[in-house]
Q: 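Got a structure here, written out as structure tokens. Questions coming.
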Amino acid sequence: MRVMIDACVLYPTVMREVVLGCAQAGLFEPRWSPRILEEWARATRKLGPEAEVYARGEIAALGAQFPKACVSYDPAREAQFWLPDPGDIHVLTAAVIGSCDAVLTVNAKDFPGNILGEEGLIRRDPDGFLCQFFAQSPDAVRPVADRVLAEANRLSDRPWDMRALMKKARLPRFGKALIA
């Protein structure tokens with residue numbers, strides 16, 4: 001399954017790390033566009049200039065890790081698509097050009113299912129997406145979540161438990177499934 005990952009999933013960190021950890025485990029093929037990656041990098045500016053530099057380093061590493069993930073296209077192709085928010089048309093365009101099966105986003109209202117369906121796509125929210133993977137392949141997903149939790153605890157000034165970390169990352173059902 002090829003999945004176009006919206007910038008709102010790539011940034012925040014915990015969500016990105018779990019989603020991309022599942023991709024590394026072979027559960028799906030990630031896709032993004034240069035514009036999506038740029039949105040992620042620019043979103044980090046609110047944390048300070050060093051955060052953007054760090055994000056750009058992570059973006060470069062992802063390019064090496066997932067060399068087939070980046071979907072480029074002629075921006076003129078965007079004119080053939082419509083979404084409620086014109087600022088999201090680039091995501092739909094990249095998903096179609098990249099032969100994706102789904103768009104992974106937390107932004108449901110701007111990616112209506114009927115419009116995506118016309119293009120052979122479905123919208124997936126990260127929480128449900130990860131819950132499905134965990135239900136199907138717990139032995140592949142559990143180590144990913146454990147690594148993300150360990151890294152959060154290493155970097156944080158306070159200890160995290162799995163459920164609290166995933167809830168903060170807007171993955172509450174996934175966090176609950178992990179501790180059930």
Side-chain angles (χ1 to χ4, degrees), residues 1-47 49-108 110-113 115-130 132-133 137 140-141 144-145 147-148 151 169-171:
M1 171 193 322
R2 286 188 203 102
V3 179
M4 183 60 57
I5 304 174
D6 197 0
C8 60
V9 175
L10 292 172
Y11 178 75
T13 302
V14 170
M15 186 181 292
R16 174 183 68 252
E17 292 300 318
V18 177
V19 166
L20 293 180
C22 288
Q24 289 170 324
L27 299 174
F28 75 99
E29 295 178 38
R31 296 290 186 267
W32 45 70
S33 69
R35 184 167 169 187
I36 289 170
L37 296 175
E38 184 62 24
E39 283 185 7
W40 164 23
R42 282 183 294 159
T44 64
R45 287 180 185 163
K46 63 185 168 191
L47 300 175
E50 67 283 346
E52 183 178 355
V53 170
Y54 184 76
R56 292 191 184 282
E58 285 187 88
I59 288 167
L62 285 181
Q65 190 172 24
F66 298 103
K68 297 178 182 178
C70 198
V71 176
S72 295
Y73 62 88
D74 179 350
R77 296 284 305 267
E78 293 177 13
Q80 72 189 72
F81 300 103
W82 181 88
L83 284 172
D85 181 351
D88 287 323
I89 292 173
H90 69 97
V91 178
L92 174 58
T93 306
V96 171
I97 303 272
S99 300
C100 292
D101 303 296
V103 173
L104 188 62
T105 185
V106 297
N107 189 3
D110 290 332
F111 290 92
I115 294 172
L116 293 181
E118 291 173 6
E119 303 301 335
L121 295 161
I122 60 171
R123 180 190 66 243
R124 297 298 312 267
D125 74 280
D127 201 21
F129 187 67
L130 294 169
Q132 179 183 353
F133 284 145
S137 304
V141 177
V144 171
R147 278 193 305 272
V148 171
E151 184 66 1
R170 299 180 2 189
L171 301 169

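Sequential numbering from 1 along the given sequence is applied to the chain's residues. Note that the structure is predicted; figures quoted are calculated from it, not measured.
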Q: Looking only at atom types and distance, does a side-chain atom of Ser137 sit under 3.5 Å from a main-chain N or O of Ala140, one as donor and one as acceptor?
A: no
Q: Checking Arg45 now: which residues fulfil side chain to side chain donor-acceptor pair (under 3.5 Å) with it, not counting sequence neighbours?
A: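 Only Glu52 meet the side chain to side chain donor-acceptor pair (under 3.5 Å) criterion with Arg45.
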Q: Any side-chain heavy atom of Trp32 sitting closer than 4.5 Å to one from Val71?
A: no
Q: Please find the pair of heavy atoms, one from Ile5 and one from Pro30, that lie closest to each other, and give the distance.
A: CD1-CB, 3.7 Å
Q: Kindly compute the distance separating CD1 (Ile36) from CE (Met4), expressed to the nearest 0.5 Å.
A: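 Answer rounded to 0.5 Å: 5.0 Å.
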Q: Test: salt bridge (charged side-chain N to carboxylate O under 4.0 Å, His left out). Region: residues 71-81. Which pairs qualify, not counting sequence neighbours?
A: Arg35-Glu78
Q: Scan for salt bridge (charged side-chain N to carboxylate O under 4.0 Å, His left out) pairs involving residues 2-30, sequence neighbours excluded, and state none if there are none.
A: Arg2-Glu29, Arg16-Glu58, Glu29-Arg31
Q: Are the side chains of Leu130 and Val18 in contact, using a 4.5 Å heavy-atom criterion?
A: yes
Q: Just so I know, are the side chains of Leu92 and Leu121 near enough to count as touching, which here means a heavy-atom distance under 4.5 Å?
A: yes
Q: What pairs with Pro84 under side-chain contact (heavy atoms from CB on, under 4.5 Å), at least two apart in sequence or on another chain?
A: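 Expected list: Trp82, Asp110, Pro112, Ile115.
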Q: Residues in salt bridge (Lys or Arg N to Asp or Glu O under 4.0 Å) with Glu119, at least two apart?
A: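 Not a single residue meets the salt bridge (Lys or Arg N to Asp or Glu O under 4.0 Å) criterion with Glu119.
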Q: Could you list the residues that satisfy side-chain contact (heavy atoms from CB on, under 4.5 Å) with Pro86, not counting sequence neighbours?
A: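 By the side-chain contact (heavy atoms from CB on, under 4.5 Å) rule, Pro86 matches Ile89.
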Q: To check you understand the geometry: which heavy-atom pair defines the closest contact between Pro12 and Cys8, and what is its length?
A: CD-O, 3.4 Å
Q: Any salt bridge (charged side-chain N to carboxylate O under 4.0 Å, His left out) pairs touching residues 80-107, not counting sequence neighbours?
A: none
Q: Considering residues at least two apart in sequence or located in another chain, which fulfil the ring pair (Phe, Tyr, Trp, His ring centres under 6.0 Å) criterion with Phe81?
A: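 Phe81 satisfies ring pair (Phe, Tyr, Trp, His ring centres under 6.0 Å) with no other residue.
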Q: Test of understanding: with side-chain contact (heavy atoms from CB on, under 4.5 Å), list the residues that count as partners of Ala51, not counting sequence neighbours.
A: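 Result, side-chain contact (heavy atoms from CB on, under 4.5 Å) vs Ala51: Thr44, Leu47.
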Q: Please give me the minimum heavy-atom distance between Ala7 and Glu39, naming the atom from each residue.
A: CB-OE1, 3.5 Å
Q: Under a 3.5 Å distance rule, please check whether Tyr11 uses its side chain to pair with a backbone N or O of Leu37 as donor and acceptor.
A: no
Q: Partners of Arg170 by side-chain contact (heavy atoms from CB on, under 4.5 Å), sequence neighbours excluded?
A: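 Scan of Arg170 (side-chain contact (heavy atoms from CB on, under 4.5 Å), adjacent residues dropped) gives Met15, Val106.
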